[in-house]
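All ligand and atom numbering here is 1-based and tracks the order in the structure. Just so you know, residue 1 is the first one in the sequence shown, and it goes up from there.
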Amino acid sequence: MACFYPEFSQKFAALLPELRAHGRVAIVGHMRPDGDCIGAQVGLARVLSAAGVREVTCLNADHVPRRLSFLTAQTRVLHAPEFLGNPDSDFRAGDYAAIFVDCADAARCGVELQTAFPKPFAMVDHHLSNPGFATHDFLDANSAATSEILAGIFLDLGLPIDEQTAQALYTGIVTDTGQFRFPSTTPRCFAIAGELIARGAQPAEIGYELYERESLGRLRLLEAFLKTLRLECSGRFCFGFLPKGIFEATGSTVEDTEGLVDYARSIEGVEIAALVEERVEAEWRGGGVKMKASLRAKNPIYRVDKIAAKFGGGGHACAAGLTAEADREAFCAELLAAVAEQLARVEASGGATNSEETIL
Ligand SMILES: [Mn+2]
């Protein structure tokens, strides 16, 4: 039998009886959940339920994006205000063993969930910048997706992967590898994806749900974003801006920003790209305007996670994000300086790659 994650599988098998005995598990994802986050949450929730855990609930600070809703039809996924601070809710965080998935650190789930679960039971993740924060950490930065790690463990242990579970985990791998294009794509990704297809994942259906159901508003948002693109650092850095009010103006939503930054990165000669967003926070989160940036690099030697870390953010070598409380002009100037510094540093090192340091 294939063994994808021998160490993790053994550890996971040892924890299963504990989770079963506890009876209640909360699977916590990150803010603005993506395909890997929802895929990992749904996949893990279904496998734990099938393995005899009485109650499994997935929790997110933000809503499940429309294009991922095909994964959650049969799984309980709650949005933070539905259960935290809601007097009608009978949800008590203390009753649950929390498993964080796809979160580079405990804060990535949002302050409300972080406060509700100060001591996570376990976490499963693949972010390079993850310092480890749970009692039981399943952390592997050499994996392309959290869903890849979970699928590998389930396959190793022969745990039941039904059609819905396979769909969810396959979606996580497809989205985090950029449809099997990013440098993180390995033979293991394909081997695991193949096993998931054998268990009912449908690549054509997933491709349709993810990429063939755009709204006109999303394309209008893309149009607005493309108009703002600017090349800096001799054409090696490209960034674009979404001002507050843009979603109303274009008939789009926050979740439509996903993937826009890839257009900036796709320009020949660009090494680092950024999408900067002036975001009005939801009222239940205290309101106010924040600057958010998504950073992408073509090559992991550019370590955009390190640029993000300067602003308190984090992520992967090729994909990272951050939030800052600053005004637009000051923030853009600071970001530009940080990117220029990183480009110069890589150039000074002759673009030398250190395999330990640069793996996505
Ligand atoms: Mn991920």
Next on the checklist: For the Mn ion (ligand 1), give me the closest N/O/S atom belonging to D102, just the atom name.
Outcome noted: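 Relative to the Mn ion (ligand 1), the closest nitrogen, oxygen or sulfur of D102 carries the name OD1.
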
Answer yes or no: does atom [atom1] of [X] have more than 12 heavy-atom neighbours from other residues, nucleotides or ligands under 6.0 Å?
X	atom1	answer
F70	CZ	yes
E205	CD	yes
Y211	OH	yes

Checklist entry - Please state the angle at the Mn ion (ligand 1) spanned by OD2 of D176 and OD2 of D36: what is it, rounded to 10 degrees? => result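 If I round to 10°, I get 90°.
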
Item to check | H126 near the Mn ion (ligand 1) via N/O/S, less than 2.8 Å | outcome: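 An N, O or S atom of H126 is closer than 2.8 Å to the Mn ion (ligand 1), so yes.
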
Item to check | 2.8 Å cut-off met by an N, O or S atom of D125 to the Mn ion (ligand 1) | outcome: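 So D125 does not bind the Mn ion (ligand 1) by this criterion.
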
Checklist entry - Do any N or O atoms from the side chain of R218 and from the backbone of D256 form a donor-acceptor pair under 3.5 angstrom? => result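 Pair found, side chain donor or acceptor close to backbone of D256.
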
